[in-house]
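Written out below as structure tokens is the structure these notes cover.
What's counted below: heavy atoms across the whole structure, side chains too, no hydrogens, waters or symmetry copies.
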Protein chains: 2
Amino acid sequence: MPKLGAEPIRRAALVKATIETVGAAGSLDVTVAQIARRAGMSSALAHHYFGSKEQIFLAAMRSILSIYGAEVRGALSTARNPRDRVRAVVMGSFAAGSFRHEAIAAWLNFYVLAQSSAEARRLLHVYQRRMRSNLLYGLRPLVGERAGPVAEGLGALIDGVYIRAALVEGEPDRQAACDLVLAHLEKELECKP
Amino acid sequence: MPKLGAEPIRRAALVKATIETVGAAGSLDVTVAQIARRAGMSSALAHHYFGSKEQIFLAAMRSILSIYGAEVRGALSTARNPRDRVRAVVMGSFAAGSFRHEAIAAWLNFYVLAQSSAEARRLLHVYQRRMRSNLLYGLRPLVGERAGPVAEGLGALIDGVYIRAALVEGEPDRQAACDLVLAHLEKELECKP
DNA sequence: ATGTTTATTGACTCGTCAATCAACAACCGC
DNA sequence: GCGGTTGTTGATTGACGAGTCAATAAACAT
């Protein structure tokens, strides 16, 4: 049974299974055994590779954050001016890899975890800072000193759209979500001072 | 010890203690014993009056929702035109009784609970529908058929500001939060068609 | 006085679950 | 073919926590 070099495969399988299980339950109240079973292994093995339940969750969140980051970077890479840069950050946030039921449920629970786990809070702050600085970089040339508040509003709006999407069953409407935020952005860009 | 007519006092004490305990822990992962202790009684009594842990939480959420509803109604009562009506709904959402650390933490966890508890989901939908209809009522005369999308955006923005406030320690800045949303509203009202 | 209703709790049951461990299985270099 | 490394699990432990229950105590009714 045991083939060598299994560690990365097992870890990946556990991360995937964690996102699926948390997504299906809509809560972090899932057992390591459930996750391990979905990943096709025993719960002892999950502990063997990750050490604790919390570390399994955090690995899953890191995976989600890294997909999200890659999507935003990808969208940014084709942007040639500030306006498109800001739009890219928004559109990256609603790309297919991130704005999915499972990932959204994970996000929501991640917010909750951040209230009690220092490591989760740290991770969340990293994401928020990156998002904020991405937005500011594009916004500054467009709205000058208003960039701060505008970024604030965009970030909050994106977060709000995310958690509202957590409540609909089935996959959320990416197009509609993205358009809503982009429309808000247009309004902000209309007045330049 | 036992004085008659204790039921309503006990229930209220448990609701209060639940909000405090969940607020302090930032999670629904608190024991009935913790809540009961904070409310100055045994866990058996908590079960006696509420039947189950979930019912205790739901009672706490109903209390928060009812305070919120009262605040919005209060703000609405002095509004004399559509514009002030919409502003009242927004400002009611950031009134002192609702936009507090504890209540915000409860909200966040309520969203999570709504993913797995039918009763929590029902309760949440009641609130969302009421908020939406309050907004629409004021928005329709102002922006006509755009009222739907605008209400959508306002609702999402308010939710987003809420969960972001969950992450700051200490009491959140009500003024700033409210201003941010009101500024968004002004922008939406600028173009009337 | 006595029985009924309401209030209250300590002690208990029963299940669950994270984490550990001992043991077993396959592969590797030699 | 042997010792070390890696992979893997069933069984077990130990703790914790929701919910129950029997028992006690005060108030009330008659």
Report the distance from atom CZ of A:Arg37 to atom P of D:dT9, rounded to the nearest whole Å. 13 Å

A:Trp107 and A:Tyr111 aromatic ring geometry - parallel, tilted or perpendicular at 30°/60° bounds: tilted

Within residues 38-51 of chain A, the residues having a heavy atom closer than 4.0 Å to DNA chain C are A:Ala44, A:His47

Step by step, would you call B:Leu139 with B:Leu189 a side chain to side chain contact (heavy atoms under 4.5 Å, CB included)? CA-CA 9 Å; B:Leu139 284 171; B:Leu189 296 186; 4.3 Å; yes

Who pairs with B:Arg83 by side chain to side chain donor-acceptor pair (under 3.5 Å), at least two apart in sequence or on another chain? B:Glu186

Would you check, one step at a time, whether the test salt bridge (Lys or Arg N to Asp or Glu O under 4.0 Å) holds for A:Glu152 with A:Arg132? CA-CA 8 Å; A:Glu152 203 78 20; A:Arg132 179 158 223 281; 3.1 Å; yes

For the side chain of A:Ser52, starting at C-beta, report the closest nucleotide among C:dA19, D:dA18, C:dT8. C:dA19

I'd like to know if B:Arg38 pairs up with B:Glu20 as an ion pair, taking the criterion as any Lys NZ or Arg NE/NH1/NH2 lying under 4.0 Å from an Asp or Glu carboxylate oxygen. yes

Should A:Arg10 be listed as having a side-chain N or O under 4.0 Å from OP1 or OP2 of D:dT8? yes

Can you tell me how far P of C:dT8 sits from CG of B:Leu14, to the nearest Å? 11 Å

Using atom CD1 of A:Ile9 as one end and atom C1' of D:dG7 as the other, report the distance to the nearest whole Å. 12 Å

To the nearest Å, give me how far apart CD (A:Glu7) and P (D:dT5) are. 16 Å

Which residues pass the side chain to side chain donor-acceptor pair (under 3.5 Å) test with A:Tyr49, not counting sequence neighbours? none

Between B:Glu71 and B:Ser98, do the side chains contain a donor N or O and an acceptor N or O under 3.5 Å apart? yes

Within 6.0 Å of NZ in B:Lys187, more than 12 heavy atoms from elsewhere: yes

Ring centroid separation A:Phe110 to A:Phe57 under 6.0 Å: no

To the nearest angstrom, how far is A:Phe57 atom CZ from C:dA19 atom P? 10 Å

Check DNA chain D against residues 27-34 of chain B and give the residues with a non-hydrogen atom under 4.0 Å, in numerical order. B:Val30, B:Thr31, B:Val32

With the threshold set at 4.0 Å, does a side-chain nitrogen-carboxylate oxygen contact exist between B:Glu188 and B:Arg146? yes

Starting from the first five and the last five pairs of the helix from C:dA1-D:dT30 to C:dC30-D:dG1, work out the angle between the resulting helix axes, to 10 degrees. 10°

Please list, chain by chain and in numerical order, all residues satisfying side chain to side chain donor-acceptor pair (under 3.5 Å) with A:Ser117, sequence neighbours excluded. A:Glu54

